[in-house]
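Below is one structure; the comments refer to it alone.
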Amino acid sequence: MLGIGNVCVNLEYTHTGVGSILMACANAFIKKSNTPGILLCKEKLIPFYKASNWIEITPENIVIQEHPYLHKVMVFDPIKMLNFKEILQINLSRSF
């Protein structure tokens, strides 16, 4: 999977569409790569990522560098490679 990390926009550019443009570019790259994308986020960011066609998944266990992760996980899977109902655990060897 390809990881997206820290989509940030300068405060003076919030609500101008810049973040959506960044996500559209990331989505295009993921689609061209023919590989699903994954991102980690906090609850308050879910509406933003959902608007960019990302889907929240809820595995039972998420571990990053051997530490439990207690926030949200979202994926972008334009090639329908994943079966979201079967994802029970995610282990990431690096934080992104």
Side-chain angles (χ1 to χ4, degrees):
M1 296 183 86
L2 299 174
I4 302 296
N6 297 329
V7 177
C8 299
V9 176
N10 188 306
L11 283 177
E12 68 183 82
Y13 295 105
T14 57
H15 305 290
T16 64
V18 173
S20 297
I21 292 169
L22 289 171
M23 288 308 297
C25 291
N27 288 358
F29 181 82
I30 290 166
K31 193 171 187 177
K32 185 176 180 181
S33 298
N34 214 27
T35 303
I38 186 170
L39 64 82
L40 310 174
C41 69
K42 296 192 176 167
E43 181 84 35
K44 68 180 184 177
L45 296 172
I46 289 187
F48 168 74
Y49 290 117
K50 278 187 176 179
S52 295
N53 299 314
W54 286 69
I55 299 167
E56 180 183 2
I57 61 171
T58 54
E60 294 175 15
N61 295 304
I62 306 167
V63 178
I64 301 174
Q65 294 180 329
E66 300 178 12
H67 299 286
Y69 179 75
L70 304 176
H71 298 289
K72 302 297 180 176
V73 177
M74 300 192 79
V75 295
F76 180 69
D77 186 20
I79 58 172
K80 309 292 187 237
M81 180 182 265
L82 303 173
N83 181 344
F84 301 120
K85 293 178 182 173
E86 292 181 4
I87 298 175
L88 301 177
Q89 181 164 326
I90 296 175
N91 290 304
L92 302 173
S93 60
R94 68 180 274 224
S95 180
F96 54 89

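Note that the structure is predicted; figures quoted are calculated from it, not measured.
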Rounded to the nearest 0.5 Å, what's the gap from [atom1] on [X] to [atom2] on [Y]? Could you check?
X	Y	atom1	atom2	answer
Lys72	Glu43	NZ	CD	4.5 Å
Trp54	Leu39	CH2	CG	4.5 Å
Met23	Ile30	CE	CD1	6.5 Å
Asn53	Lys31	CG	NZ	9.5 Å
Met74	Ile57	CE	CD1	9.5 Å

Fill in: Pairing residues for Ser33 by the side chain to side chain contact (heavy atoms under 4.5 Å, CB included) criterion, not counting sequence neighbours
Leu2, Phe29, Thr35

Discussion item. Is the shortest side-chain heavy-atom distance between Val7 and Leu45 below 4.5 Å?
Written reply: no

Worksheet item: In terms of hydrophobic clustering (I, L, V, M, F, W, Y; side-chain heavy atoms under 4.5 Å; direct or indirect links), are Ile21 and Tyr13 co-clustered?
Response: no

Item to complete: Please step through side chain to side chain contact (heavy atoms under 4.5 Å, CB included) for the pair Ile4 and Phe76, ending with a clear verdict.
Response: CA-CA 10 Å; Ile4 302 296; Phe76 180 69; over 6 Å; no

Discussion item. Could you check whether any side-chain N or O of Asn27 sits under 3.5 Å from a backbone N or O of Ser52, counting only pairs where one atom can act as donor and the other as acceptor?
Written reply: yes

